[in-house]
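Before any comments, here is the structure.
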Amino acid sequence: MPELPEVETVCRSLRPHLLGRRILRVEVRQPRLRAPVAPDLPARLEGRTITAIHRRAKYILIDLDGDAVWLFHLGMSGKLICAGKGKERRKHDHIVAALDDGGELRYHDPRRFGLSVAVSRAELKTLPLLSRLGPDPMERRFNGAALYAATRASARRIRDLLLDQQVVAGLGNIYANEILFRVGIRPTARARRLTRRQAAAIAAMTPKLLRDAIRWCGTSFSDYRDADDQRGEFQNHLRVYDRHGESCRVCPNTIKRVVIGNRSAFYCPSCQK
DNA sequence: CCTTGAACCTGCGGGC
DNA sequence: TGCCCGCAGGTTCAAG
């Protein structure tokens, strides 16, 4: 479900509910996520107060007093929902935290591809999950030169390179495809065939498109929702993703779907070369 | 080292 | 109505 714009939207919607709140109790109802939830997770969180919420790529980091950080990755179907205590538990509510204002924070994830970890600040710095990530797309160190360097000697297709979180951290299949449409490059193009100019165009378009998607609160393609259960609106601005068989928005051609790297890629055969 | 494909899960929509 | 198939916003690991 969630790529960088959706994760950023979730962070923003969490803050009004969570900042300054104390965590009273954490219940792990299903520990079997992508990585098993550690048995000591509740003990590391209970009694602590939430001081800040940030995002790194597709990870959500909740800072607590007393040197603790609560980290989430939403996988494909994960949601963080803030709810009043009266609301009944739903199937797949795997982690439920009770807050000092009577509210709750729930981690809900039918497919269980997400994960949740509680660590100290020192442990956070050494977490392989985060230390393996490349630059966020909004950082200055992600630029045309860096992307061009990553494309050299790469036999991979450019769509797959953009999904590699070590190259740039935060893109997923929707935005990788949308970026490539907007710069006129086919997702199937071999990375090493790109020119310096094309790499620069992709690197410039990436933060631009992501900011635009954040402005629309992300893409609610099927089930993505923020912490208030609100939909995003960027699905109304997609030009190629999941539009195969439909007509291109800028030319008379039909959008095509191909499978590369085991995942669908979408493009317009005449707008993208 | 690099690249590809399968695996991890559940749910939904389409075709029959 | 029900069953089977393919597909899904992500990541990791094994095999070649």
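Residue numbers begin at 1 in each chain, while the letters A, B, ... track the order of the sequences. Below, each value reflects all heavy atoms present in this structure, side chains not excepted, and no hydrogens, waters or symmetry copies.
- A straight line from CZ of Arg34(A) to P of dC9(B) spans 13 Å, rounded to a whole angstrom.
- Distance from the side chain of Arg112(A) is smallest to dT10(B) among dG5(B), dA8(C), dT10(B).
- Of the residues near DNA chain C, Val259(A) and His73(A), the one whose nearest nucleotide (by heavy atom distance) lies more toward the 5' end is Val259(A).
- Secondary structure note: stems in DNA chain C built from 3 or more consecutive Watson-Crick or G-U wobble pairs under 3.5 Å occupy B:2-8 with C:10-16, B:10-16 with C:2-8.
- At the heavy-atom level, Arg157(A) lies nowhere under 4.0 Å from the strands shown.
- The phosphate of dT11(C) (OP1 or OP2) has a side-chain N or O of Gln165(A) nearer than 4.0 angstrom.
- An OP1 or OP2 oxygen of dC9(B) is reached within less than 4.0 angstrom by no side-chain nitrogen or oxygen of His92(A).
- Here Arg263(A) lies in heavy-atom contact (under 4.0 Å) with a base.
- For the side-chain contact (heavy atoms from CB on, under 4.5 Å) with Glu6(A), the qualifying choice from Tyr224(A), Phe221(A), Phe234(A) is Tyr224(A), the only one to do so.
- For Ser77(A), no side-chain nitrogen or oxygen approaches OP1 or OP2 of dC9(B) to under 4.0 Å.
- Listed nucleotides dA6(B), dG10(C), dA8(C) differ in distance to Arg257(A); the shortest reach to its side chain belongs to dA8(C).
- Across all strands shown, Asp223(A) has heavy atoms under 4.0 Å from base atoms, whether or not it also approaches the sugar-phosphate.
- Protein atom CG of Asp109(A) is 12 Å distant from nucleotide atom P of dC9(B), rounded to whole Å.
- Within residues 171-194 of chain A, the residues that have a heavy atom under 4.0 Å from DNA chain C are, in order of number, Gly172(A), Asn173(A), Ile174(A).
- OP1 or OP2 of dA6(B) has at least one side-chain nitrogen or oxygen of Asn262(A) nearer than 4.0 Å.
- In this structure, the separation between CD on Glu104(A) and CZ on Arg21(A) is 14.0 Å, given to the nearest 0.5 Å.
- Rounded to an integer number of Å, the gap from CD of Gln30(A) to C1' of dC9(B) is 11 Å.
- At whole-Å resolution of the value, CD in Gln166(A) and P in dT12(C) are 9 Å apart.
- Looking at Thr206(A), Asn177(A), Leu4(A) one by one, the single match for side-chain contact (heavy atoms from CB on, under 4.5 Å) with Leu171(A) turns out to be Thr206(A).
- Two residues, Ser154(A) and Lys91(A), neighbour DNA chain B, and the one matched to the more 5' nucleotide by heavy-atom proximity is Ser154(A).
- Of the listed residues (Leu194(A), Leu147(A), Val168(A)), just one forms a side-chain contact (heavy atoms from CB on, under 4.5 Å) with Leu161(A), and that residue is Leu147(A).
- Rounding to the nearest 0.5 angstrom, the gap separating the CG atom in Asp226(A) from the CG atom in Leu80(A) is 10.5 Å.
- Below 30°, between 30° and 60°, or above 60°: for His94(A) and Tyr107(A) the angle between ring planes is between 30° and 60°, a tilted geometry.
- Rounded to whole angstrom, the span from the CG atom of Asp242(A) across to the P atom of dG6(C) amounts to 18 Å.
- Under 4.0 angstrom from either OP1 or OP2 of dT11(C) there lies no side-chain N or O belonging to Arg132(A).
- Nucleotide dT11(C) holds its P atom 16 Å from the CZ atom of Phe72(A), rounded to whole Å.
- Between the CG atom of Asp93(A) and the P atom of dT10(B) there is a distance of 15 Å, rounded to whole Å.
- With salt bridges taken as basic N to acidic carboxylate O contacts below 4.0 Å, one links Arg121(A) and Asp63(A).
- A gap of 16 Å separates the P atoms of dA14(C) and dC9(B), to the nearest Å.
- Rounded to the nearest 0.5 Å, atoms CG (Asn143(A)) and CZ (Arg141(A)) are 10.5 Å apart.
- Rounding to whole angstrom units, NZ of residue Lys79(A) and C1' of dA8(C) are separated by 14 Å.
- Judged by atom type and distance alone, Arg111(A) reaches the base of dC9(B) through a side-chain donor-acceptor pair under 3.5 Å.
- To the nearest 0.5 Å, the span separating NE2 on His108(A) from CZ on Arg225(A) amounts to 11.0 Å.
- Between His244(A) and Phe266(A), the angle of the ring planes lies from 30° to 60°, which puts this pair in the tilted group.
- In terms of position on DNA chain B, the residue among Gly261(A) and Phe113(A) whose nearest nucleotide sits closer to the 5' end is Gly261(A).
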Passes side chain to side chain contact (heavy atoms under 4.5 Å, CB included), Met138(A) versus Ile214(A)? Steps please. CA-CA 12 Å; Met138(A) 316 298 197; Ile214(A) 290 168; 3.9 Å; yes

